[in-house]
Amino acid sequence: MTATDKSPTFLRIALLLQTLALLLQAVTAGLLLSSPGGRAAHAASAIAVAVTVLLHLVAALVIRRRDVILPAVGMLVMTLAQMALGMAHQKTLHVPLGVLMFGGSMLQLARVWAGRRGAASTATAATA
C-alpha cells in the first residue's frame with residue numbers, strides 16, 4: 001500500500017471524526033438549553049469540532065485535489081463564523097449554521113465514502 005492509497009483512508013477517518021464531533025456539538029447544545037453544566041460541555045465539544053475540522057483540512061491538503069480541499073476550507077470558514085456567532089450569543093444565526101455544517105459534513109462523508117466503493121468496483125471490473 002502506497003502513501004497515496006492511505007490518503008483517502010486518512011480523509012475518510014477525518015471526515016467521520018468531524019461528522020461525529022458535529023453531532024456531539026448538537027447534543028451538547030441541547031444540554032446547554034436544559035442543564036446548568038451544559039455550557040462547559042458545549043464549549044468542550046466546540047474545541048473537538050475545531051480540531052477535527054483542521055484534521056479534515058490537513059487530510060484534504062495531503063490528497064491535493066481541489067474537489068476535497070474546497071469543502072474542507074469551506075468547513076473551516078463556517079467553523080470560525082460559528083465560533084464567533086456563538087461567543088456573540090447570536091443564536092438566530094448560530095443554530096442554522098450548525099445544522100448546515102452537520103448536513104454538509106454528512107454529504108461530504110457520503111461522497112468520499114461512495115468514492116471508495118466506486119474505486120473498488122472499477123478495480124474489480126478491470127481485473128475481470
Side-chain angles (χ1 to χ4, degrees):
M1 185 176 275
T2 66
T4 55
D5 293 336
K6 292 178 184 177
S7 297
T9 301
F10 178 37
L11 179 65
R12 287 183 193 102
I13 291 169
L15 272 166
L16 179 62
L17 291 173
Q18 174 185 282
T19 305
L20 291 172
L22 286 163
L23 180 61
L24 178 63
Q25 186 69 348
V27 170
T28 61
L31 289 174
L32 176 65
L33 296 172
S34 63
S35 69
R39 183 174 302 271
H42 195 62
S45 64
I47 293 168
V49 168
V51 168
T52 58
V53 165
L54 289 173
L55 184 66
H56 174 203
L57 181 59
V58 168
L61 290 171
V62 166
I63 292 176
R64 296 183 186 173
R65 283 190 5 227
R66 185 175 293 172
D67 64 324
V68 293
I69 293 173
L70 290 178
V73 170
M75 190 61 73
L76 178 61
V77 169
M78 286 191 290
T79 300
L80 294 173
Q82 183 73 334
M83 292 171 80
L85 290 167
M87 286 184 236
H89 303 285
Q90 295 294 319
K91 293 178 191 139
T92 55
L93 297 173
H94 181 76
V95 173
L97 182 57
V99 173
L100 179 66
M101 288 173 66
F102 180 70
S105 190
M106 286 289 296
L107 285 173
Q108 185 66 4
L109 180 62
R111 186 175 149 263
V112 168
W113 222 268
R116 180 180 190 184
R117 276 188 255 133
S121 63
T122 304
T124 304
T127 59

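Since this is a predicted model, take the numbers as computed values, not measurements.
- When side chains are defined from C-beta on, Val58 counts as touching Phe10, because their heavy atoms get closer than 4.5 Å.
- In this structure, CG on Leu85 lies 5.5 Å from CG on Leu93, to the nearest 0.5 angstrom.
- Taking His42 as the reference, Gln25, Thr28 meet the side-chain hydrogen bond (donor to acceptor under 3.5 Å, both in side chains) condition, with sequence neighbours excluded.
- With values rounded to the nearest 0.5 angstrom, Trp113 atom CH2 is found 5.5 Å from Leu16 atom CG.
- Note: the hydrophobic cluster containing Val73 also contains Val49 (ILVMFWY, side chain heavy atoms under 4.5 Å, direct or indirect links).
- Taking CG of Leu22 as the start and CG of Leu17 as the end, the distance is 11.0 Å to the nearest 0.5 Å.
- In this structure, Leu70 is not a member of the same hydrophobic cluster as Val112, with clusters built from ILVMFWY side-chain heavy atoms closer than 4.5 Å.
- Considering Leu33, Leu31, Leu32 in turn, Leu31 is the only one that fulfils the side-chain contact (heavy atoms from CB on, under 4.5 Å) rule with Ser35.
- Within 6.0 Å of the CE atom in Met78, the count of heavy atoms belonging to other residues, nucleotides or ligands exceeds 12.
- Cluster annotation: Ile63 is connected to Leu109 through the hydrophobic network of ILVMFWY side chains, with a link wherever side-chain heavy atoms come within less than 4.5 Å.
- Under the 4.5 Å side-chain heavy-atom criterion for ILVMFWY residues, no single connected hydrophobic cluster contains both Val27 and Leu20.
- With contacts defined as side-chain heavy-atom distances shorter than 4.5 Å, the pair Val68/Gln108 qualifies.
- Checking each of Leu107, Leu97, Leu23 against Phe102 for a side-chain contact (heavy atoms from CB on, under 4.5 Å) leaves exactly one that passes, namely Leu23.
- The line from CG of Leu55 to CG of Leu15 is 9.0 Å long, rounded to the nearest 0.5 Å.
- Shortest non-hydrogen contact noted between Ala72 and Ala60 is CB-CB, 3.8 Å.
- Under the 4.5 Å side-chain heavy-atom criterion for ILVMFWY residues, a single connected hydrophobic cluster contains both Leu61 and Leu54.
- The shortest side-chain heavy-atom distance between Leu57 and Met75 does not fall under the 4.5 Å cut-off.
- Of all non-hydrogen atoms in Thr19 and Ser105, the two that sit nearest each other are OG1-OG, 2.6 Å.
- Residue Met101 is tested with Gln18, Met106, Gln82 for a side-chain contact (heavy atoms from CB on, under 4.5 Å); the sole match is Gln82.
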